[in-house]
Amino acid sequence: MLKVDDIYREIILDNYKKPMNAKKLKGIADFEVFNPSCGDKIIIQTKVESGKVVDVGHVSGGCAISIASMSILSDHIIGMSIDEISRLGFDDIKELLGIEIGPGRLKCAMLSLKAVRKSLDIKGEN
Amino acid sequence: MRKKDFEVFDEQKELVYLDSAATSLKPRIVAREVSDYYNKSGASVHRGIYSLSVNITSKYEDVRDKIARLINSDVTEVIFTSGTTDSANKLFMSLSESFNGDFREGDEVIVSVMEHNSVILPLRKFAERHNLKVRYVGINDEGRLDINSFREMINSKTRLVLVTHISNVLGVINPVKEIARIIKHFCDNNVSEIGDINNHLKTPLFIIDGAQAVPHMKIDVSDIDCDFYMFSSHKMCGPTGIGILYGKRKYLRKMQSSSIGGHSVLDVTKDKIVLADIPDRFEPGTPNISGVLGFGRAVDYLELISYDEILRNDKELFMYAISEMGKIDGLEIYGPKTYVDRVGLISFNIKGDSEVHPHDVISILDRDGVCIRGGNHCAMLLLHEMGISSCCRISFYLYNSRQDVDKFILGLKKVKEIFGA
């Protein structure tokens, strides 16, 4: 059995192969984000009630890091207010994924947060 | 193969570098030439008449001679730029300024879908400036240029043809001599339709991007009979920041440079500017002296090894890699699988039961010191044509060996195991 590399620990592979919330929500607007350099793409829907996210749906295609990140983030933000979500940044993504993310994979890891912010109309740098 | 010539392998003994299509590694002698310039001279070129400057100027112009001999051109036809991208941008800006009347609204330019962004984008801006129609020659099922389509496309409105000599994704060598012949044949048979005698340009310009070609093959621009040819030093063991724009004298002499400054003029008064002759006209300002000197040393190095040997090694590694890759399920290989009109550059994806994204392939291979490339390779048009958004790529050069291929294959198998593919 070959040794599994750090970045591809079980948490990443499991979330890549079976991402959480990989579904479509009825009657909710969708938003798309895209990494043109590699083709990572996320189509996201967020259902908001009383200023809190109550459900997330996404269709994601791309590398393991981007899909795993979307899976884990989608689960994390359910129950959070838009205000709390707007304060999430790179450090939070790193902590959620539980791995070191080098500069070469930063965009992959952060695409999920970009998708969430777009769907919730959160502007500015994260 | 020649790893001992490259200092990077002294410390990184296990390095498997398979991204020479992006940039080649640089041998010791090139690095030494660059640092020698700074440590032992540092003087400028074309300016001082004291020995320190005269010596460097002489060495600098010797490199121009060397490049001219390498590509079989006249020495005045060799212009130093900062790379192929710069060559393309300078060329199209200069064509705009110099031959403005020859590119009229509705005229056409023909390019291939294989073009790298560094040349297609300057061309597209040029076409927009002059309201020209851009027509694309596609690829056939094997991934080769559809030459028949080109033959049908050329017409009396064609003002310019741009083609890459070797595709940086498909590895195919395009039939540039055949293209030149087709252009000439069309012009010979349609004299009265090609412009009028007052035009500077009586025939369509034929421009070639040779960035992937010159590192691998002996190029003879006179034999090809192209009008402009561009390539970069850093893909052929030379320093970054230096490239070449070759142009036929008959055109260059009528062209202005898109940039102007010291050294590119003979005289300046309040009323007029007298431009220098070629190539000086195209090289304003203090150039990248260490880059040129390093480039000269790189050419020496390649000539020492010989193109025959470079190609022999390239073919051997390509055949071995294709054979080994063929034994792995689910690999989708792009471009021809035979070493015919092709170089050792293989693009692929892991498809099959479990697709693995190029970024993931690269990350896993990287952990074992295997450097491959992934993404769109700045050839977005081509990838759209191929129906993919990204792919992996390996490319061989003179320092690669069969052991490198073995490590790469081992890495691919590791990727498949991790992803359960």
Side-chain angles (χ1 to χ4, degrees), chain A residues 1-19 22 32-43 58-73 90 93-94 97-115, chain B residues 19 22 116-117 121 169 328 332 334 347-393 407 409-421:
Chain A
M1 166 70 180
L2 290 164
K3 189 164 167 277
V4 174
D5 291 309
D6 295 341
I7 200 171
Y8 291 102
R9 276 166 40 194
E10 234 167 278
I11 183 176
I12 301 294
L13 289 173
D14 284 349
N15 277 282
Y16 167 63
K17 288 174 187 171
K18 290 200 179 99
E32 185 181 300
V33 290
F34 182 55
N35 259 342
S37 60
C38 63
D40 289 344
K41 184 158 86 170
I42 297 173
I43 300 171
H58 67 94
V59 175
S60 304
C63 69
I65 300 297
S66 69
I67 293 176
S69 178
M70 187 68 251
S71 167
I72 293 167
L73 183 65
F90 175 58
I93 296 291
K94 238 174 56 175
L97 290 175
I99 53 165
E100 275 308 309
I101 300 164
R105 304 305 298 273
L106 179 73
K107 268 173 137 177
C108 308
M110 292 296 281
L111 193 66
S112 60
L113 190 56
K114 193 173 165 186
Chain B
D19 195 22
H116 190 285
N117 280 347
L121 294 181
V169 172
I328 300 176
E332 191 169 88
Y334 306 112
S347 292
F348 65 94
N349 269 317
I350 299 182
K351 295 279 193 182
D353 292 335
S354 274
E355 278 190 40
V356 184
H357 193 276
H359 281 179
D360 298 315
V361 179
I362 292 162
S363 290
I364 293 169
L365 288 172
D366 179 44
R367 295 301 163 129
D368 292 326
V370 179
C371 310
I372 77 164
R373 191 58 178 276
N376 59 45
H377 312 284
C378 298
M380 290 148 168
L381 279 176
L382 179 60
L383 262 61
H384 286 318
E385 194 82 358
M386 290 160 63
I388 58 175
S389 57
S390 62
C391 61
C392 302
R393 180 187 72 188
K407 286 183 189 166
I409 295 294
L410 204 63
L412 279 190
K413 289 177 179 164
K414 187 173 178 177
V415 170
K416 288 189 58 126
E417 186 165 335
I418 288 171
F419 279 82

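Proteins come first, then strands; the chains are lettered A, B, ... in the order of their sequence lines, and each starts at number 1.
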Between B/H357 and A/G62, the two heavy atoms sitting closest are CD2-C, 3.4 Å
Looking at every non-hydrogen atom in both residues, tell me the closest pair between B/V356 and A/Y16 and how far apart they are.
CA-OH, 4.4 Å
Measure across A/R105 and B/H359 and return the closest heavy-atom pair with its distance rounded to 0.1 Å.
NH1-O, 3.2 Å
Looking only at heavy atoms, the pair that brings B/D360 and A/I65 closest together is OD1-N, 4.0 Å
Using non-hydrogen atoms and a 4.5 Å limit, figure out which bit of A/K41 sits close to chain B: side chain, backbone, both or neither.
neither
Choice from B/C378, B/S389, B/P358, B/G374 maximising heavy atom contacts with chain A below 4.5 Å:
B/S389
